[in-house]
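A short worksheet on the structure shown next.
Below, read A as the first sequence line, B as the second, and so on, with proteins coming before strands; counting in each chain starts at 1. Here the structure is a predicted model, which is why all the values come from computation and not from measurement.
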Amino acid sequence: MGNRFSEYKGLDLSSINKEVLKKWEDDNTFEQSLKEREGQPSFIFYEGPPSANGMPGIHHVMSRTIKDVVCRYKTQQGHQVHRKAGWDTHGLPVELGVEKALGITKEDIGKSISVADYNKACRVDVMKYTDMWEDLTHKMGYWVDMENPYITFDNRYIETLWWMLKELYKKGLLYKGYTIQPYSPAAGTGLSTHELNQPGCYRDVKDTTCTAQFKVVKNGDSDFVFDGVDTDLFFLAWTTTPWTLPSNTALAVGPNITYVRVRTFNPYTSEPVTVILAKDLLSSFFSEKNAELKLSDYVPGDKKIPFEVTAEYTGEQLKGIRYEQLVPWIKPDGDAFRVITGDFVTTEDGTGIVHIAPTFGADDDRVAKVAGIAPLILIDRDGKRQPMVDRTGKFFLIKDLDADFVRNNVNIDLYGEFAGRYVKNAYDDKLGDEDATLDVDLSVMLKKENKAFRVEKHVHNYPHCWRTDKPVLYYPLDSWFIKTTAVRDRMIELNNTINWKPESTGTGRFGKWLENLVDWNLSRSRYWGTPLPIWRTEDGSSEICIGSVEELMAEINKAIKAGVMTKNPFEGFEAGDFSDKNYDKIDLHRPYVDDIVLVSDKGQPMYRESDLIDVWFDSGAMPYAQMHFPFENKDAMPFPADFIAEGVDQTRGWFFTLHALSTMLFDSVAFKNIISNGLVLDKNGNKMSKRLGNAVDPFKVIDEYGSDPLRWYMMTNSQPWDNLKFDISGIDEVKRKFFGTLYNTYSFFALYANVDGFKGGEAQVPVAERPEIDRWVISLLNTLIKEVVTAYENYEPTRAGRAIQDFVTENLSNWYVRLNRKRFWGGEFDKDKLAAYQTLYSCLETVAVLGAPIAPFYMDRLYTDLNTVSKTSNTSVHLALMPVWNESLINKDLEERMSYAQQISSMVLALRRKVSIKVRQPLQKIMVPVLNPVFETQLEAVKDLILAEVNVKELEYLKDSGGVLVKKIKPNFKSLGPKHSKLMKDIAAVINNMTGDDISRFEQDGKYDIIAQGQAITLELEDVEILSEDIPGWLVANEGRITVALDITVTEVLKEEGIARELINRIQNLRKESGLDVTDKIKLTIARHEAINKAVEKHKSYIGSQTLAAEVILTDKCNDSSALSVEIDTDVETTISIEKY
RNA sequence: AGUCCUGUAGCUCAGUUGGUUAGAGCACUACACUGAUAAUGUAGGGGUCCGCAGUUCAAAUCUGCGCAGGACUACCA
């Protein structure tokens, strides 16, 4: 050991995975990689916290591989890269999981199970798969510190959150307001979008829709629309929820939409009316067939209603016009019943005029606020502001309203008839599908009042509550908000400095999101999460936002003194002591914080606002909370991150909250570089899911193949931000194609290095003194380093991996090793051989270092195997530094001529195949037309390589003399294009029609005059490509611009040499079969055969040297029992025997 | 509905500032090679570059409109 390069029986990446893991553990390699970089520039990385209450899947391997690749790369660039793991522990999925496990629903909380017990169950449940996560992290080789993770339910973590909330509160960015949210009256709770997106929530339902007539008020602003109108004038607006019409306070038009004024008759009352609607939608209300009808011919009751367009307006013109309240039940408090404009208005359906009920639509609420339109609000018995519908889903009963309000604002006669009606039959147990709905009754009322223009059933998609199956209502609910809109511009500015991979996610998805930002709704009415640290008096006159446990303690003590509390539940907690022990004494969750009652300056009790905060706040706060900032690490907080990575689905999740909080609190980005990766789909492009049974178990894959092929496959198969169609056979391919080839190359090296006693520590043969092919592969190697390092630096691991793979399989293995095999076996251990070993060694070592971030296990093994013998390094590859490319070793000329060699070789081999002449049979010569001296010089340098590879004696350059060559000329569009764009077609035609003589003349003069479309044009040589495609009389191959001819005459001399080679081949096979070592010398006996005697005699020493035969004996008959019969040529058979010398 | 991504050979993917014969690997077929051998090489078949329109001398590449798949956000008259 240590003196010989390890040789293996086969490649077992799964075992290597395990062995290398063990080594990392024994050597504390990860810790070392941090310790060794102490004092070096740090590279800051944030780990996005996964939720540990679900099993890790294959897609987690994806994002974690990306993170790991970057962090390992940066370590190899000399940075210190801390990686702190984290767990996301709050939130709805946890609650649902617990409810399912305990067989309870939300209604049971506080009844059959106490909040304390419920939360205790959540705390345990959320960590239940931690072991699996740690195991996967470990096995896949993701280096992250799992010893000291941040956990979002930790009291210290929450304390930082409180500190942040207080900072926001102090800046005036935290406020209470209301917003329109999905609400389930049947369940009595608001719903999150997450809940709304449960499968089956959106269903097609058939509802009554109504196109209502809003009567235009005639005043100074609207005179122009009344010009020539002889009837009442109405706006038409359509709604799928007629029950919201009584809450209408505005109409919205599109500023650039064209509207028409139409004189017609109401189809229900037959009264003459004039209505306004979008021009584009005219045909959906008025049939073309009726266009000819005369208004004067109309008889009330006619089915066919005539109409006449009498004016046209833009939306902008209609803006500001007032109309009468459609359903005058309740007087709104403030400005209302005015036409406003909105960009969201379309003419796809309806009338192009949108009915706005700010209390029941999110869009409505927003545009109304902007335009200064009041919502239709009621005051209930408790003095609270309410929409027209109560929490159970019915119009408020008059007795439930404030008496003063009823007196001043409510028309009891009209409203009384409808008060108490449920807006959907589904909310009333007593009603079924057969009963008349509120929508219908309202529509009928409007019809009678000449206020409905069309009433019909309409099928549309509507969300339903996933628990009660009943329709959801959009309803205004009280919530706490963060005023992100206040910093929107700054967020956009900062976002422009972030390097997004791919860029489109940053500018597109994220950028657009920021432009249309709304305030961040923080409130969640749940149990398991970070409580909002705001205490308020019942009347809302005083409130306090708590920013630390210490502050809370002080307030509690104040409250105890004031007598609103009797006992401090957090007694014994010492401010400033950040130990586990101290923080274990308290619990900042519900219900404990709810039991705390504080006291206002005026001595009133203050109760906690019962909301929890959005879990996304938890994760967005992790840069600070993971350090317990500012209570600890006040001056040592790593911020902002140099790099983060997560799935693209986090764009509006984690990416957003990180960005929003850092902008608001520190006026800074939270991360400078980001990769947002795509999804991992199954091989057919379908989303993986347990339900479909197409989910891939990462543990099984790693166990079977090892992590390296999996990681390599994920990084190189498609760009990280494209979706990956995960196909297990792709991993197999990577294993064979890449790792197999790399392993083979190493095995080849190890085998011969051990034979020759090469150690790797020998003095280097100067590159300039190495043969052409060595310098070629070294040139490519330096190109590779440049390419790979640049790719990593640009956060493009895919390019890096593909470049490495290409180099290994194509250049190193298929060409360098294949052509150089003979240099490694046999012969003296001379300078040339040493150069070969050193070249191959440095290629392998460099590949190991370059590939280490992606394939950490195998590359570490390869690196160690090499260095254990050479002793040039004794560390893990992950502590090694990335190589630096040497520009002076990159020789593009050399790379070009080697590619000529490769191309010509493969062409000659193809020719041989065509005429069925084996490669073992030497041939006399190949001929290559050379049309310029540079090409000849290039070829001359690689001539020997070509000849050896294709087993041909000489290479002849055919010059342009005596007209042997048939030349062809092609236009060079790239050069011609910019000069003569319009004439290209004609020029091309002229060039293609040139004769051999023309071409010769062109070549001699260096230019050529032609006429195209009457214009004289002088062509330069660079404008065309002249090549020789055929050499009459020879066997010719042609590829691109290279042409090769092969002399296929087999002379007697050549034949003999061919026979010698055949013999050598048989003998080598025999050697191998008989188990001889590569270095064993033999005694060789060959039975005479007329066809081979001369060849053996002539090439005796050649045969001997190739087969390590000390003696080569031609005999009449081989008596040896080990003698074997071999076929040398068709019908030529002889026997040979070998014995160890 | 909006925003974004993707669409190239049977499959997975390259394809540079637009340049005229669109490539690779896998798979398939045939042949060859054999001291790297559970490798390797060569050849072959296989393409509406998603469609349509436009810009241009020239479009897989640029623009517009669609189509299909996917993601996110929203669900509104």
Looking at every strand, decide which applies to [X] at a 4.0 Å heavy-atom threshold: base, sugar-phosphate, or nothing.
X: A:Arg366; result: nothing
X: A:Arg818; result: base
X: A:Asn744; result: base
X: A:Asn1065; result: sugar-phosphate
X: A:Thr240; result: sugar-phosphate

From the list [options], which nucleotide is the closest neighbour of the side chain of [X]?
X: A:Thr745; options: B:rU12, B:rU73, B:rA36; value: B:rA36
X: A:Val817; options: B:rG25, B:rA36, B:rU73; value: B:rA36
X: A:Lys737; options: B:rU40, B:rA71, B:rU20; value: B:rU40
X: A:Tyr474; options: B:rC76, B:rA14, B:rU73; value: B:rC76

What orientation do [X] and [Y] show, parallel under 30°, tilted 30 to 60°, or perpendicular over 60°?
X: A:Phe824; Y: A:Tyr752; result: tilted
X: A:Phe5; Y: A:Tyr746; result: perpendicular
X: A:Phe510; Y: A:Trp500; result: tilted

Could you tell me how far apart [X] ([atom1]) and [N] ([atom2]) are, to the nearest whole angstrom?
X: A:Tyr816; N: B:rG41; atom1: OH; atom2: C1'; value: 20 Å
X: A:Phe748; N: B:rU40; atom1: CZ; atom2: P; value: 15 Å
X: A:Arg736; N: B:rA27; atom1: CZ; atom2: P; value: 5 Å
X: A:Asn972; N: B:rG18; atom1: CG; atom2: C1'; value: 14 Å
X: A:Leu724; N: B:rC5; atom1: CG; atom2: P; value: 19 Å
X: A:Gln719; N: B:rG15; atom1: CD; atom2: C1'; value: 13 Å
X: A:Asn723; N: B:rC72; atom1: CG; atom2: P; value: 10 Å
X: A:Met714; N: B:rU12; atom1: CE; atom2: P; value: 16 Å

OP1 or OP2 of [N] under 4.0 Å from side-chain N/O of [X]:
X: A:Lys970; N: B:rU20; answer: no
X: A:Asn717; N: B:rC13; answer: yes
X: A:Tyr752; N: B:rA36; answer: yes
X: A:Asn814; N: B:rG41; answer: yes
X: A:Arg802; N: B:rU12; answer: no
X: A:Lys725; N: B:rU12; answer: yes

Item checked: NZ/NE/NH1/NH2 to OD/OE distance under 4.0 Å, A:Glu787 and A:Arg799 -> no

Side chains of [X] and [Y]: is there a donor and an acceptor less than 3.5 Å apart?
X: A:Trp712; Y: A:Asn717; answer: no
X: A:Tyr713; Y: A:Asp732; answer: no
X: A:Asn677; Y: A:Glu646; answer: no

Item checked: Most 5' of A:Trp721 and A:Arg1066 on RNA chain B, judged by nearest nucleotide -> A:Trp721

Item checked: First encountered from the 5' end of RNA chain B, between A:Tyr713 and A:Asp806 -> A:Tyr713

Considering only the [atom1] atoms, how many Å lie between [N] and [M], rounded to the nearest integer?
N: B:rG44; M: B:rA27; atom1: C1'; value: 14 Å
N: B:rG15; M: B:rC50; atom1: P; value: 14 Å
N: B:rA24; M: B:rU63; atom1: P; value: 29 Å
N: B:rA22; M: B:rC49; atom1: P; value: 10 Å
N: B:rC4; M: B:rG47; atom1: C1'; value: 29 Å
N: B:rA39; M: B:rG45; atom1: C1'; value: 26 Å
N: B:rA9; M: B:rC5; atom1: C1'; value: 23 Å
N: B:rA60; M: B:rG7; atom1: P; value: 15 Å

Item checked: N/O donor-acceptor pair, side chain A:Ser813 with base B:rA36, under 3.5 angstrom -> yes

